[in-house]
S.K.: 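There's a structure below that I have some questions on.
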Amino acid sequence: MREKAQNPVTLSDELLGWYDIHARIMPWRVPPQNRRAGQTPDPYRVWLSEVMLQQTTVVTVRDYFERFTARWPTVTDLARARDADVMGEWAGLGYYARARNLLKCARAVVADHDGAFPADHSVLLKLPGIGPYTAAAISSIAFDLPHAVLDGNVERVMARLHDIHTPLPDAKPLLMTQAEALTPQQRPGDYAQAVMDLGATICTPKSPACGICPWRAPCLARARGTAADLPRKTPKKPKPTRRGTVYLGQREDGAWLLETRPEKGLLGGMLGWPGSEWVDITQPPPQTTPPADAQWVQLNAEVRHTFTHFHLTLAVFTAQIDPSTEPHQGRFIPRSEFRPSDLPTVMRKALNLAKDAL
DNA sequence: TATGCGTGGGG
DNA sequence: TCCCCAAGCAT
């Protein structure tokens with residue numbers, strides 16, 4: 001009774017208890033007690049982690065964050081990095097436009113903001129790769145400005161708390177209104193991270209742990225038994241399947257024939273194997289021209305990979321290429337300069353198939 | 001406003 | 001084996 005009268009929808013000790021546990025596995029986070037002791041988060045680390053966390057899980061981001069901050073400890077270091085180094089370090093993380101915008105943003109911060117992230121939501125919003133969510137996250141977490149974060153977690157928590165049945169993305173404005181109403185003036189950074197943790201670990205998409213939820217008392221969906229069905233979402237389109245061919249050519253000295261993909265579009269700016277266009281399986285197969293003259297042999301196995309919006313099947317050809325041969329597509333990268341980890345996952349799958357075949 | 005854009009893990 | 005989903009952004 002008393003609990004309801006106090007409105008437990010807030011940054012309670014119970015909510016902070018969960019938040020504190022998660023801080024240990026997130027190297028970018030300053031735990032609440034350290035923050036109260038005066039320690040403030042490094043805006044560079046907050047920004048970097050938030051960009052990496054876009055549509056990506058904490059477990060996946062952790063190692064990438066550690067490698068990036070070890071190699072480029074400050075935004076100035078990152079701004080000076082070579083494009084290929086940053087793209088290679090990002091390889092495997094996906095959504096590669098984030099890495100291209102990461103570099104643009106770092107260079108803009110150095111060139112236009114004296115190497116310091118601006119403590120201003122509307123200014124942050126103008127930087128490359130920083131949208132409404134990330135601007136609010138940096139504002140609140142790094143600068144303790146009271147901006148409401150609305151990510152997938154908060155959308156779900158708000159939809160359930162208020163039993164909102166309007167499907168996403170139409171419900172976003174309403175959910176944002178609810179999120180703003182709950183965002184406190186005191187410690188908005190701790191609150192933002194705590195409410196996202198709540199969504200990630202308790203108010204989960206499937207079988208939410210309502211029994212241990214700090215907000216179980218005021219939750220309307222919990223009371224009405226609708227929590228597991230929320231938020232509603234508009235149905236998605238089915239994924240088509242495309243086909244293509246890649247060519248893995250290697251010289252006797254171990255150099256691989258690779259290309260840097262165009263800046264725009266799928267896997268933009270990433271290293272990859274030369275090959276054909278990727279066309280829908282309902283279309284006639286594309287003509288494939290090998291990137292260099294050699295005895296190309298097709299592998300028995302094919303690469304299967306699923307992107308956000310289509311399935312892909314790749315035929316793989318391999319060949320030893322004579323040292324005197326000039327490629328008409330791509331360039332040779334010496335063995336000493338090539339790390340398989342610099343490849344996006346689909347390209348790494350092709351390499352692994354070729355290695356298995358040898 | 002709708003679409004393009006990665007990847008890995010869980011149910 | 002599939003589908004769903006994750007601390008979204010750009011165009």
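Model, not experiment: these values are computed from the prediction. Every chain is numbered from 1 and lettered A, B, ... according to where its sequence line falls, protein lines coming before strand lines.
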S.K.: Select from A/Trp28 and A/Leu125 the residue whose nearest nucleotide in DNA chain C is closer to the 5' end of that strand.
M.R.: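 Result of the comparison: A/Trp28.
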
S.K.: Which residue, A/Phe310 or A/Arg348, contacts DNA chain B at a nucleotide closer to its 5' end, judged by nearest heavy atom?
M.R.: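 Its nearest nucleotide being more 5', the pick is A/Phe310.
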
S.K.: Salt bridge (Lys or Arg N to Asp or Glu O under 4.0 Å) for A/Arg251 and A/Asp322? Distances and angles first, verdict last.
M.R.: CA-CA 6 Å; A/Arg251 262 184 347 211; A/Asp322 190 88; over 6 Å; no

S.K.: Please work out which residues in residues 82-97 of chain A have a non-hydrogen atom less than 4.0 Å from an atom of DNA chain B and list them by number.
M.R.: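 Only A/Gly92, A/Leu93, A/Gly94, A/Tyr95, A/Tyr96 qualify.
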
S.K.: Please report the C-alpha distance between A/Glu89 and A/Val86 in whole Å, then the side-chain angles of each, then the deciding distance to 0.1 Å, and finally whether the side chain to side chain contact (heavy atoms under 4.5 Å, CB included) criterion is met.
M.R.: CA-CA 5 Å; A/Glu89 208 63 71; A/Val86 174; 5.7 Å; no

S.K.: OP1, OP2 of C/dA6 versus side-chain N and O of A/Arg156: anything below 4.0 Å?
M.R.: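 A/Arg156 to C/dA6 OP1/OP2: side-chain N or O found under 4.0 Å.
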
S.K.: Below the 4.0 Å mark, does B/dG6 have OP1 or OP2 next to a side-chain nitrogen or oxygen of A/His305?
M.R.: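 For B/dG6, OP1/OP2 do not have a side-chain N/O of A/His305 under 4.0 Å.
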
S.K.: Rounded to whole angstroms, how far apart are CZ on A/Arg261 and P on B/dC5?
M.R.: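 My rounded result for the distance is 10 Å.
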
S.K.: Counting just side-chain N and O atoms, does A/Thr134 come under 4.0 Å of either OP1 or OP2 of C/dC9?
M.R.: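 Looking at the OP1 and OP2 atoms of C/dC9, one of them is under 4.0 Å from a side-chain N or O of A/Thr134.
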
S.K.: State which of C/dC9, B/dG11, B/dT7 makes the closest approach to the side chain of A/Lys206.
M.R.: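 That would be B/dG11.
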
S.K.: Answer with base, sugar-phosphate or nothing: what part of the nucleic acid does A/Lys237 contact at a heavy-atom distance below 4.0 Å?
M.R.: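 Sugar-phosphate, no base atom in range.
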
S.K.: Is A/Lys239 near enough to C/dC3 that one of its side-chain N or O atoms lies under 4.0 angstrom from OP1 or OP2?
M.R.: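 Indeed not, no polar side-chain atom of A/Lys239 lies that close.
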
S.K.: Determine whether any donor atom in the side chain of A/Thr308 lies under 3.5 Å from an acceptor atom in the base of B/dG6, or the reverse, and answer yes or no.
M.R.: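 Yes, the side chain and the base share a sub-3.5 Å donor-acceptor pair.
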
S.K.: OP1, OP2 of C/dG8 versus side-chain N and O of A/Gln55: anything below 4.0 Å?
M.R.: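 For C/dG8, OP1 or OP2 has a side-chain N or O of A/Gln55 closer than 4.0 Å.
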
S.K.: For atom P, what is the distance between C/dT11 and B/dG6, given to the nearest Å?
M.R.: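 Result for the P pair: 14 Å, nearest Å.
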
S.K.: Expressed in angstrom and rounded to an integer, what is the separation of A/Arg304 atom CZ from C/dC3 atom P?
M.R.: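 These atoms are roughly 12 Å apart.
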
S.K.: Side chains of A/Asp77 and A/Thr74: is there a donor and an acceptor less than 3.5 Å apart?
M.R.: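 Side chains of A/Asp77 and A/Thr74: pair found under 3.5 Å.
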
S.K.: Applying ring pair (Phe, Tyr, Trp, His ring centres under 6.0 Å) as the test, list every pair that has at least one member in residues 133-171 of chain A; sequence neighbours left out.
M.R.: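 Residue pairs with at least one partner in residues 133-171 of chain A: A/His121-A/His147.
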
S.K.: Could you tell me how far apart A/Leu266 (CG) and B/dT7 (C1') are, to the nearest whole angstrom?
M.R.: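 One finds 12 Å between C1' of B/dT7 and CG of A/Leu266, rounded.
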
S.K.: So A/Asn101, base contact, sugar-phosphate only, or nothing? Heavy-atom distance under 4.0 Å.
M.R.: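 Result for A/Asn101 = sugar-phosphate.
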
S.K.: Would you mind reading off the distance between A/Met270 atom CE and B/dC5 atom C1', rounded to a whole angstrom?
M.R.: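 Between C1' of B/dC5 and CE of A/Met270: 13 Å.
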
S.K.: Quick one: does NZ or CZ of A/Arg335 land under 6.0 Å from the six-membered ring centre of A/Phe338, within 45 degrees of the ring axis?
M.R.: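 No, cation not above the ring by the 6.0 Å, 45° rule.
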
S.K.: Between A/Met347 (CE) and B/dG6 (P), how many Å, whole number?
M.R.: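 After rounding, the reported distance stands at 11 Å.
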
S.K.: Counting only side-chain nitrogens and oxygens, does A/Thr345 get under 4.0 Å of the OP1 or OP2 atom of B/dG8?
M.R.: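 Yes, within the criterion.
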
S.K.: For A/Met26 and A/Gly129, find the nucleotide of DNA chain C closest to each by heavy atoms; which residue's nucleotide sits nearer the 5' end?
M.R.: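 It is A/Met26 whose nearest nucleotide is closer to the 5' end.
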
S.K.: Can you name the residues that form a side-chain contact (heavy atoms from CB on, under 4.5 Å) with A/Pro286, not counting sequence neighbours?
M.R.: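 Scan of A/Pro286 (side-chain contact (heavy atoms from CB on, under 4.5 Å), adjacent residues dropped) gives A/Ser276, A/Val279.
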
S.K.: Could you give the NZ-to-C1' distance, from A/Lys236 to C/dC3, as a whole number of Å?
M.R.: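 From A/Lys236 NZ to C/dC3 C1': 9 Å.
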
S.K.: Ring centres under 6.0 Å, that's the criterion: do A/Phe332 and A/Trp256 meet it?
M.R.: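 No: the rings miss the under 6.0 Å criterion.
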
S.K.: Starting at atom CH2 of A/Trp278, determine the distance to atom P of B/dG4, rounded to an integer number of angstrom.
M.R.: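 It works out to 15 Å between those atoms.
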
S.K.: Using 0.5 Å steps for rounding, measure from the CG atom of A/Asn352 to the CE atom of A/Met347.
M.R.: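 Reported to 0.5 Å precision, the distance equals 13.5 Å.
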
S.K.: Tell me the interatomic distance from A/Lys233, atom NZ, to C/dC4, atom P, rounded to whole angstroms.
M.R.: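 So the two atoms are 10 Å apart, to the nearest Å.
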
S.K.: Do any side-chain nitrogens or oxygens of A/His309 fall under 4.0 Å of OP1 or OP2 in B/dG4?
M.R.: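 Checking B/dG4 against A/His309, no side-chain N or O comes under 4.0 Å of OP1 or OP2.
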
